[in-house]
Amino acid sequence: MKTAMDKVYKPSDDVVAREIDGEIILVPLAAGMGDLEDELYTLNPTGAAVWRMLNGERSLGSIAAALAKKHRAAPATVRRDILGLVGELSRRRMVTEAG
Amino acid sequence: MSPVEKASVPTKRKSLLPSLDVELTERCNNDCVHCCINRPAGDRRARRRELTAAQLDRVFAQAAQLGCLTVRLTGGEPLLRGDFPEIYLAARRRGLTVRLLTNGCLLTPALAKLLEAVPPLQPVELTAYGRDRRSYERVTRVPGSFAAFQSGLGLLAEHRVPFRLKGVLFRGTVGGRRGFEAWATKLSGVRPELTLLLDLRHRRDSVARNRAIALRRPTPRQVARTTCADPLFRRQMKLFPGRYMGPQGGRLFTCSAGYSVCLDAYGRLQPCLLLRKKELTYDLGAGTLRDALTRFFPAALAVEARGRAFLARCAQCGLKGFCHQCPARAFIENGKLDKPVEYWCAVAHEQARLLGWRSGPGSLPRLRPGPRAD
Ligand code: SF4
Ligand code: SF4
């Protein structure tokens, strides 16, 4: 059975991701993505690192393994952070499941 | 803390181009008595010369690459462009938020639906030329325009598109400011932005129209009374010009010109919204935004004043902090970048007088206004 970490995500067509001055800014294209109509979103450094890997090809598990290795962090903590981030991005329709 | 945080516009991020003004056309469906730019809606020659949606998309792409986050679509009346939806979507798909400046008369259900489905992420800015048919159409000079404006307002409300109203005060209507403010606040939920400072024709293209605008300008005393009655203005004037602005010396451009740039309807990039002096504009069709911002404007705007009146007055004037005299306005009114405009000078002196700058500056530093030639 497919677990949450086997899932593959990609940026949704309803958002434009901009990289300005090293910061990722998510600019909604569709209505109702933010709590207010005029909101833009930015990702913290961990979020930005995950976002860059959400390319519709890598599973969340593979992203978590790569980040845990790179930052010498506990895999369980990284997995939990990634699930939290992807959960929030999906809720806001900023990412969709690929395939 | 959430990994997804709300970001701000305007932004503190360092970028070569925080925002870009784009005039989609100089044509307009109205013919406002005070307008500084408009051409007739049916001006075919102007229409043929306007940048296409594809050309504009290439500009938006360049702007986005330079870190631009907001594009202001203005005119003339931007909604006169039949391809407005295409242009608007191009900007949004490049990840730009859009400030749309419009008179609202040409809003259709389809356009309102588009703004609802793909929100501009900035309130639409609607200018209300009056709050009833008589006062409105006395300004726009187009019968039926007030009804069209009301219909536009209704469509935005119906489709829940956030908007804010702007207004213009004339010599004969300054007294109605409070009534207008209350009306506009009730409609949009926010206080309207009011313009008292009317500029003459940017392209210096009509003596008759300039005369008509000059006649409708609020007098310097009216401007000073209205602005100085605003506690926020008074507070800002106490802090800002007193502490940070001194006489500017001979340097002409001490402002954001060359940084907050404006693309005209035909592809020439201006150092700011007002300044259309040909030698100081850049042909974007033959170059790039980056080249204009990093090479052309810094060199072109590094000019020193030579005009005698400017050097004797403005260069040494302590009122610079709130005087609207600037190279663009000097060019518009006098055809020279460095010749003081008497109207703006009189407005600044009147404000200074009301703020008590001459008699005893109190907590303000000792600033001496430049002499006025009257
Ligand atoms: S309008 Fe005047 S002050 Fe403003 S940017 Fe242009 S030249 Fe500078
Ligand atoms: S107040 Fe008059 S002298 Fe002073 S900067 Fe303005 S135009 Fe020049």
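Quick note on labels: first sequence line is chain A, next is B, and so on, each numbered from 1. The model shown is predicted, which means the values in this text are computed figures rather than measured ones.
Within the 4.5 angstrom heavy-atom criterion, atoms from both the backbone and the side chain of B:Arg93 approach chain A. For A:Pro28, the parts lying under 4.5 angstrom from a heavy atom of chain B are both the backbone and the side chain.
Salt-bridge formation is detected for the pair B:Asp291/B:Arg295: a Lys NZ or Arg NE/NH1/NH2 atom is positioned less than 4.0 Å from an Asp or Glu carboxylate oxygen. Using a 4.0 Å cut-off between charged side-chain N and carboxylate O, B:Glu50 and B:Arg81 make a salt bridge.
In this pair, B:Phe84 and B:Tyr88 present their aromatic rings parallel. The plane angle is below 30°, not in the 30 to 60° band.
Ranked by non-hydrogen atom pairs under 4.5 Å with chain B, the options A:Val27, A:Leu29, A:Val50, A:Val16 are led by A:Leu29.
With 3.5 Å as the limit, one finds no donor-acceptor pair spanning the side chains of B:Thr25 and B:Glu77.
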